[in-house]
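What follows is a single structure, written as structure tokens, with notes after it.
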Amino acid sequence: MSLLNFRLSVPAPALFASFLTLDQAILDALPIGVYACDVDGQIVRVNHRAIELWGKAPNLLDRAQKFCGSFRVETLDGDFIPPEETPMAQAVLTGKSFEGVEVAVTNPDGKRWVARVNVAPLRDEDGEIVGGINCFLDVTHEHEMRVALARQQRTFDLAMIASRMGTWRYTIADNICIYDHNAQRLYGLTEARFLHDKDGVEAKFHPDDMDLMWARVAKALDPAGDGRYDVEYRVKQRDGSWRWLSAWGLVEFEGEGAARKPVAIAGASRDLSELKQGEELQRLLTNELNHRVKNTLATVQSIVNQTLRGAGDVEAARKTVNARLLALAGAHDLLTARAWAGADLADLVARAIAPFPVGQFVFTGPSLVVLPTQALALSLALHELATNAAKYGALSRPEGRVEICWDARDEEVDLSWRESGGPLVAPPSRRGFGSRLIEHASRDLAGRFRFEFDPAGVRCWISASLATRDEDLQAIA
């Protein structure tokens, strides 16, 4: 579920007001631009990153500047997009959502950049649109790389044709294709002559690509056509692996009019393996970015939703939301510093307890790397435990102490939380959101947890599997 259209149990006006009162520091900590419009298109909230990207700050609630804070927005082809036709306007006016749309933005100082935007309408409990939210980021470098890659491919194609490297000639009469030396290397052949009979083709070309290949051949051989042949397919190498190739050529015809018939196809081929790998890597990176953003937004949505649900004091709820989001942001900082390959548990604990009286903590344990999902879950769990201790437990008294210990055994990490010196502890009459959050965190950890409300102080034990293999350390939540 997206943060952009979450629904709460409080009325829509309260929902909108709660969003407007979120701490600006939280919005400004986000690495993406975020702004919101009301149902009339007036910009009501914007974060620092959006202002940086736009190169100027919009006038909030300005009817003269509706739906968009950019100086000028265009399509990637350079066509101007009026504010009332932007994705944000369409979301507010029609209820349509947009994901991954790219537009060109020009700033007041003339800087031009490419933005990728996710936009969704904000609805009240009755389904009526009350505004819209836009999350966007600068993908200029990625766009330039795509353009450069396309330009490089065209240049390489022309160079291949001009140099006659990787060339071949297929004659229809004998069903034989003759490959030059470089083409033999590309196709994994040991000799120039290759018979295109049924057995030869099925042994060399990938079965999923043959229908397309023969369809392109038939089109090129059509006497009424232009004789151009162009296809991409996979061919088997001598070691059994598959290589992506691009093949193109022109048909040689004999005769004129009704007597015109094809006799051969002459063309060239080139290796597409790196290009295909690049496309796959780009797809994976894009999916990974979207996955991380969606996971983060879903976590934020859950925190906001659960905190505000049934909250009688909006100001207290706002402070609680801010504290939980700051804990989440701290874990993100640690993960970003390690390129999201994990986080050191000691750093994670230190970051989680930093907002509290550090002198009342004692924590010991070896240097251990936990996965991104585990880091986020542990950060939120430790924050909830510390918050509870500050309100009701050991941290509510100067003489109180909290001991956090962890160790690794049998490819698992065991972490314990032990309070002492605080008020007498009694089991709570009901489970609050903090307890549910810690229980949910244990599921994200793929581990176990246990609470004990000892009169001398709260105890908590958390166990999780360790990331001990390289592929584990490279896994991303």
Side-chain angles (χ1 to χ4, degrees), residues 299 303 306-307 316 319-335 343-370 373-409 412-445 447-464 466:
T299 302
I303 290 174
Q306 295 293 337
T307 304
K319 291 180 179 179
T320 301
V321 169
N322 289 344
R324 285 168 174 162
L325 292 183
L326 283 173
L328 181 66
H332 272 252
D333 288 341
L334 291 177
L335 291 170
D344 190 281
L345 186 51
D347 295 336
L348 195 69
V349 172
R351 181 67 68 98
I353 68 172
F356 301 91
V358 178
Q360 294 181 245
F361 285 90
V362 175
F363 59 94
T364 58
S367 177
L368 297 174
V369 175
V370 294
T373 46
Q374 297 173 325
L376 296 174
L378 277 172
S379 180
L380 291 173
L382 290 170
H383 170 78
E384 292 304 318
L385 287 168
T387 299
N388 185 73
K391 289 181 177 179
Y392 315 110
L395 299 182
S396 67
R397 293 182 176 179
E399 64 273 17
R401 293 291 181 269
V402 175
E403 182 181 4
I404 307 174
C405 301
W406 66 90
D407 201 357
R409 61 178 179 81
E412 278 197 347
V413 58
D414 294 322
L415 181 144
S416 66
W417 172 284
R418 184 182 298 269
E419 298 181 27
S420 62
L424 289 177
V425 173
S429 58
R430 64 182 183 87
R431 291 170 67 246
F433 174 58
S435 298
R436 294 195 301 272
L437 188 148
I438 296 172
E439 183 177 353
H440 179 75
S442 71
R443 292 197 295 269
D444 288 342
L445 289 166
R448 305 173 303 281
F449 91 106
R450 180 166 60 91
F451 265 123
E452 182 178 306
F453 295 97
D454 189 290
V458 169
R459 311 282 191 265
C460 182
W461 293 269
I462 300 175
S463 298
L466 270 175

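Just so you know, these numbers use all the heavy atoms, side chains as well, and skip hydrogens, waters and symmetry mates. Here the structure is a predicted model, which means the values were calculated and not measured.
Pairing each heavy atom of I404 with each of F361, the nearest pair is CD1-CD2, 4.0 Å. The shortest heavy-atom contact between A386 and L395 is O-CD1, 3.7 Å. Of all the heavy atoms in A352 and S379, the pair that sits closest is CB-O, 4.4 Å. Closest of all the heavy-atom pairs between A375 and A343 is CB-CB, 4.0 Å.
Atom CH2 of W417 and atom CH2 of W461 lie 13.5 Å apart (nearest 0.5 Å). Going from atom CG of D454 over to atom CG of L424 covers 10.0 Å, rounded to the nearest 0.5 Å.
A heavy-atom distance below 4.5 Å is not found between the side chains of W406 and D414. Side-chain contact between T387 and K391 is present, with at least one heavy-atom pair separated by less than 4.5 Å.
A donor-acceptor distance shorter than 3.5 angstrom exists from the side chain of R459 to the backbone of E419, with no hydrogens or angles considered. Of the possible donor and acceptor atoms, one in the side chain of Q360 sits under 3.5 Å from a partner among the backbone N and O of R397.
Ring-plane geometry between F356 and H383 is classed as tilted, the angle between the planes lying from 30 to 60 degrees on a 0 to 90 degree scale.
Evaluation of the salt bridge (Lys or Arg N to Asp or Glu O under 4.0 Å) test over residues 398-408, restricted to residues two or more places apart or in two chains, returns none. Pairs passing the salt bridge (Lys or Arg N to Asp or Glu O under 4.0 Å) check and including a residue from residues 348-364, sequence neighbours excluded, read D333-R351.
Residue F363 forms a side-chain contact (heavy atoms from CB on, under 4.5 Å) with just one option from L382, V402, L415, I353, and that option is I353.
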